Amino acid sequence: MVMPIDFEWRGLRPEFVVLLVIYWSMVSPQYFGLLSAWFVGLLHDLLEFSPLGVNAIGMMIVAYLAHMFYPRIRHYVFWHQSLWIFMFVAVFSIYSNWVSSLVSQRESSYFFLFAALTSALLWPVLVLMLKSIQIRFRLSQTIHNNY
Amino acid sequence: MGVPIKLLFTKGPSYFSRVVLLVIITVALLVVGRYTQWLEPIRSKLDVIAVPFYWVSDIPERVSLWFDDRLLSRQEIEAENKLLRNQIRVQESRLQQMASLVAENLRLRQLMNSSEIVQDRVLVAELIGVSPDPLVHKVIVDKGSNDGIYVGQPLLDAFGLMGQVVSVTPYTAQVLLITDNSHAIPVQITRNNVRTVAEGVGDLYELRLRFVSSTMDIKEGDILVSSGLGGRFPVGYPVAQIEKITFDPGEAFATVVAKPAARLDRSRHVLLVFSE
């Protein structure tokens with residue numbers, strides 16, 4: 001999340017927290033609701049020094065999308081899921097870029113969408129990792145689903 | 001109480017209305033945070049939460065630095081030692097001149113009845129974090145209010161001015177770099193003392209000068225130092241060097257691009273200046 005990255009490459013940083021939010025809202029929507037996503041976003045605001053609430057709304061949007069589409073997406077194969085993840089993270093990036101442009105911190109190009117790309121590429125790895133954690137600690141009731 | 005009866009309407013407020021409620025709360029939070037200072041005290045308390053994250057993410061860097069320090073061959077150390085000695089020799093010879101210059105400067109200032117320039121006290125700090133958002137140019141240093149750091153304090157590296165402290169926790173401080181979009185610093189040109197304002201544009205290697213008219217005496221290669229106007233930054237620290245000037249007859253002002261003197265993306269050891 002806050003791992004130091006070279007300045008030139010900072011645009012490529014995957015939106016790790018967004019991926020986590022998507023994952024948990026798809027795996028256990030009954031426990032990880034919008035309020036949890038909201039709190040995660042608030043914490044993310046603190047870490048990123050952005051105005052309190054920016055990422056909170058963004059995370060909520062993403063969680064809302066994930067809740068809406070999870071019955072469909074979680075039966076897809078990895079690369080197909082990655083496409084959807086790309087869309088979700090792109091929505092998040094566009095939203096946060098829009099908000100930062102309101103407070104006059106604009107990014108001039110569409111370079112910010114690269115973060116969505118790297119996030120989509122990271123998704124399969126992350127799913128495999130989190131799934132093993134989930135099974136290991138018996139975290140969710142929906143283990144025996146496709147997830 | 002027995003087995004709970006499954007009621008039809010037990011859900012409370014609907015999903016959608018909950019979303020709307022949360023969004024309204026957040027937007028209110030944003031508006032309050034943007035247009036008032038009410039959230040500042042809470043925010044500076046909450047910033048402590050971020051400290052361990054940055055501390056942990058800095059561990060690999062510290063480990064590699066530790067190895068860099070420990071795993072050195074004898075030849076490398078000898079070479080470095082030689083280099084450093086040479087540097088000290090050169091700098092000492094410059095310092096000798098400096099002493100006489102300082103004395104002269106003082107005398108001239110007394111002649112002109114202007115106030116003396118006091119030596120600034122500095123504190124060495126180390127960078128432990130960089131803002132993950134590419135649009136926000138902030139760094140975190142490992143000294144906080146326990147070390148006497150205060151909001152508004154200037155930060156330097158060995159090459160020039162880096163930025164100013166914008167928020168402190170007991171153990172760390174957030175520093176806004178001079179290249180951040182929301183930052184501007186009053187500067188003057190060393191060649192002729194012309195005063196202007198250097199603004200950040202969100203690029204780590206670039207500053208822009210505002211309101212430079214086409215008649216202003218300014219050249220590529222001019223060195224900008226802090227002018228001390230505004231009372232926030234001390235006088236005379238190098239800020240940037242003019243890189244490119246474009247006069248467009250259609251525009252009211254020239255576009256002047258300057259390159260920051262400080263190594264904003266590379267310096268790890270920085271100095272905090274106590275200017276009072």
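The model shown is predicted, which means the values in this text are computed figures rather than measured ones. Protein chains get the first letters and strands the later ones, always in sequence-line order, with residue 1 at the start of each.
In this structure, chain A has no heavy atom under 4.5 Å from any part of B:L264. For A:L35, the parts lying under 4.5 angstrom from a heavy atom of chain B are both the backbone and the side chain. With a 4.5 Å cut-off on non-hydrogen atoms, B:V32 does not touch chain A at all.
Shown here is A:M68, whose CE atom has more than 12 heavy atoms of other residues, nucleotides or ligands within 6.0 Å. Within 6.0 Å of atom CZ in B:R268, more than 12 heavy atoms from other residues, nucleotides or ligands are found, so the atom counts as buried in its surroundings. Shown here is A:F69, whose CZ atom has more than 12 heavy atoms of other residues, nucleotides or ligands within 6.0 Å. For A:Y95, the OH atom is densely surrounded, since the number of other residues' heavy atoms within 6.0 Å is greater than 12.
A donor-acceptor pair under 3.5 Å is absent between the side-chain atoms of A:Y64 and the main chain of B:V19, judged by distance alone.
Note that the CG atom of A:L42 and the CD1 atom of B:I49 stand 9.0 Å from one another [nearest 0.5 Å]. Residue A:L34 holds its CG atom at 11.5 Å from CG of B:L21, rounded to the nearest 0.5 Å. In this structure, B:F53 CZ and A:H44 NE2 are separated by 9.5 Å, a value rounded to the nearest 0.5 Å.
Ranked by non-hydrogen atom pairs under 4.5 Å with chain B, the options A:I57, A:L52, A:V54 are led by A:L52.
Taking all atoms of both residues into account, the shortest heavy-atom contact from B:L30 to A:P51 is CD2-CB, 3.9 Å.
Looking only at side-chain heavy atoms (C-beta outward), B:R43 and A:L46 come within less than 4.5 Å of each other. Looking only at side-chain heavy atoms (C-beta outward), A:M60 and B:V23 come within less than 4.5 Å of each other.
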